[in-house]
Amino acid sequence: MNMNIKLRNTLAEITGASIAMIWMWYNLTEASKMTIESISKVLAQGIGISIIAIIALTIVINIFSSVITGSYEKNIDDERDGLYELYALRLSSAIFGISIVTILVLLGWFNLTINIGLIAITLSGFIASIVSLFLKIYLYN
């Protein structure tokens, strides 16, 4: 399967973010009993795991692809890439913005706890990112 470098990098980003979300979800099963400090530590660690996983996966996938195909593919951007990035950024911003407003309404009028609100804000950022990455995959195909 011959896959464009942009698609490989996007899949690495989706996988890294998904790994971090799963790790955070697993470590936040007792969130209602946790302090805000411990929840914040788990969320910060999850963000770090996401960054490290994305970098590691991108490197490994691109090395593996180069070994399999026997060639090195350069990451060259053109006008289309900038446009796709803009569409993905707009979608991500819209999803995250709607999520923030929804969470603030839930905090203010429906007594959502600050702990759950903090978790929801972080996870909505990850979800917005993943949805925008799927849009990029769709646009590149």
Side-chain angles (χ1 to χ4, degrees), residues 1-69 71-141:
M1 180 168 121
N2 187 12
M3 191 184 303
N4 180 323
I5 190 168
K6 303 228 183 278
L7 291 176
R8 288 193 308 264
N9 292 346
T10 303
L11 287 174
E13 288 182 58
I14 290 170
T15 305
S18 299
I19 288 169
M21 284 180 63
I22 291 167
W23 182 88
M24 285 187 288
W25 189 264
Y26 178 76
N27 285 288
L28 292 170
T29 56
E30 299 292 322
S32 61
K33 299 176 187 172
M34 295 171 71
T35 64
I36 194 147
E37 291 84 10
S38 59
I39 288 174
S40 297
K41 285 179 185 176
V42 170
L43 295 175
Q45 290 169 351
I47 293 168
I49 287 169
S50 174
I51 293 167
I52 291 168
I54 290 169
I55 292 169
L57 286 167
T58 301
I59 292 169
V60 168
I61 289 171
N62 284 310
I63 289 173
F64 184 72
S65 175
S66 293
V67 168
I68 296 295
T69 62
S71 65
Y72 172 73
E73 185 179 358
K74 292 183 180 179
N75 191 5
I76 300 171
D77 287 342
D78 58 16
E79 297 82 20
R80 176 184 71 150
D81 297 315
L83 192 60
Y84 292 173
E85 288 288 333
L86 180 63
Y87 289 152
L89 181 63
R90 289 177 68 188
L91 178 62
S92 177
S93 297
I95 291 170
F96 190 63
I98 291 168
S99 298
I100 291 290
V101 170
T102 303
I103 292 164
L104 290 175
V105 167
L106 291 172
L107 284 166
W109 282 281
F110 297 99
N111 298 322
L112 183 71
T113 64
I114 192 69
N115 290 356
I116 302 303
L118 186 60
I119 293 168
I121 288 171
T122 305
L123 292 180
S124 67
F126 275 99
I127 291 168
S129 175
I130 289 171
V131 170
S132 73
L133 291 167
F134 276 115
L135 174 63
K136 283 173 52 179
I137 288 174
Y138 173 77
L139 293 173
Y140 276 119
N141 284 323

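Here, residue 1 is the first one in the sequence, and each next residue gets the next number. Excluded from the calculations below are hydrogen atoms, water molecules and symmetry mates; all remaining heavy atoms, backbone and side chain alike, are included.
With sequence neighbours excluded, the residues satisfying side chain to side chain contact (heavy atoms under 4.5 Å, CB included) with L112 are I103, L106, L107, I116. Listed by chain and number, the residues in a side chain to side chain donor-acceptor pair (under 3.5 Å) with N62 are R8, N9 (sequence neighbours excluded). In this view, Q45 satisfies the side chain to side chain donor-acceptor pair (under 3.5 Å) rule with no residue, not counting sequence neighbours. Partners of I127 under the side chain to side chain contact (heavy atoms under 4.5 Å, CB included) rule, at least two apart in sequence or in another chain, are M21, V131. Under the salt bridge (charged side-chain N to carboxylate O under 4.0 Å, His left out) criterion, E37 pairs with no residue, sequence neighbours left out. Partners of I22 under the side chain to side chain contact (heavy atoms under 4.5 Å, CB included) rule, at least two apart in sequence or in another chain, do not exist in this structure. Listed by chain and residue number, L7, I137 satisfy the side chain to side chain contact (heavy atoms under 4.5 Å, CB included) test with N141 (two or more places apart in sequence, or in another chain). Looking at residues two or more places apart in sequence or on another chain, you find no ring-ring contact (aromatic ring centres under 6.0 Å, His included) involving F126. Scored by the side chain to side chain donor-acceptor pair (under 3.5 Å) test, T102 finds no partners at all (sequence neighbours excluded).
Annotation: the span from I54 atom CD1 to I59 atom CD1 amounts to 12.0 Å, rounded to 0.5 Å. For the atom pair CD1 of I95 and OG of S124, the computed distance is 10.0 Å after rounding to the nearest 0.5 Å. T122 contributes atom OG1, which lies 6.5 Å from atom CE of M24 (distance to the nearest 0.5 angstrom). Once rounded to the nearest 0.5 Å, the distance linking CG of L57 with CD1 of I52 reads 11.5 Å. One distance of note links CD1 of I121 with CZ of F96; it measures 6.5 Å at 0.5 Å rounding. To the nearest 0.5 Å, the span separating OG1 on T10 from CZ on F134 amounts to 10.5 Å.
Formation of a donor-acceptor pair under 3.5 Å by the Y87 side chain with backbone atoms of L135 is not found in this model.
Contact detail for Y140 and D81: the closest heavy-atom pair is OH-OD1, 2.5 Å. Scanning both residues, A128 and S92, for their nearest heavy atoms gives CB-O, 3.5 Å. In this structure, N115 and T35 approach most closely via the heavy-atom pair ND2-C, 4.4 Å. Shortest non-hydrogen contact noted between I39 and A31 is CD1-O, 3.6 Å. Heavy-atom minimum distance, S132 versus A88: CB-O, 3.1 Å.
Sparse packing is recorded around CZ of R90, with 12 or fewer heavy atoms of other residues, nucleotides or ligands lying under 6.0 Å away.
Among pairs with a residue in residues 119-139, those fulfilling salt bridge (charged side-chain N to carboxylate O under 4.0 Å, His left out) read E85-K136, at least two apart in sequence or across chains. Among pairs with a residue in residues 107-122, none fulfils salt bridge (charged side-chain N to carboxylate O under 4.0 Å, His left out), at least two apart in sequence or across chains. Annotation: salt bridge (charged side-chain N to carboxylate O under 4.0 Å, His left out) contacts involving residues 97-119, sequence neighbours excluded, are absent.
Using a 4.5 Å heavy-atom cutoff, the side chains of L11 and I61 are not in contact.
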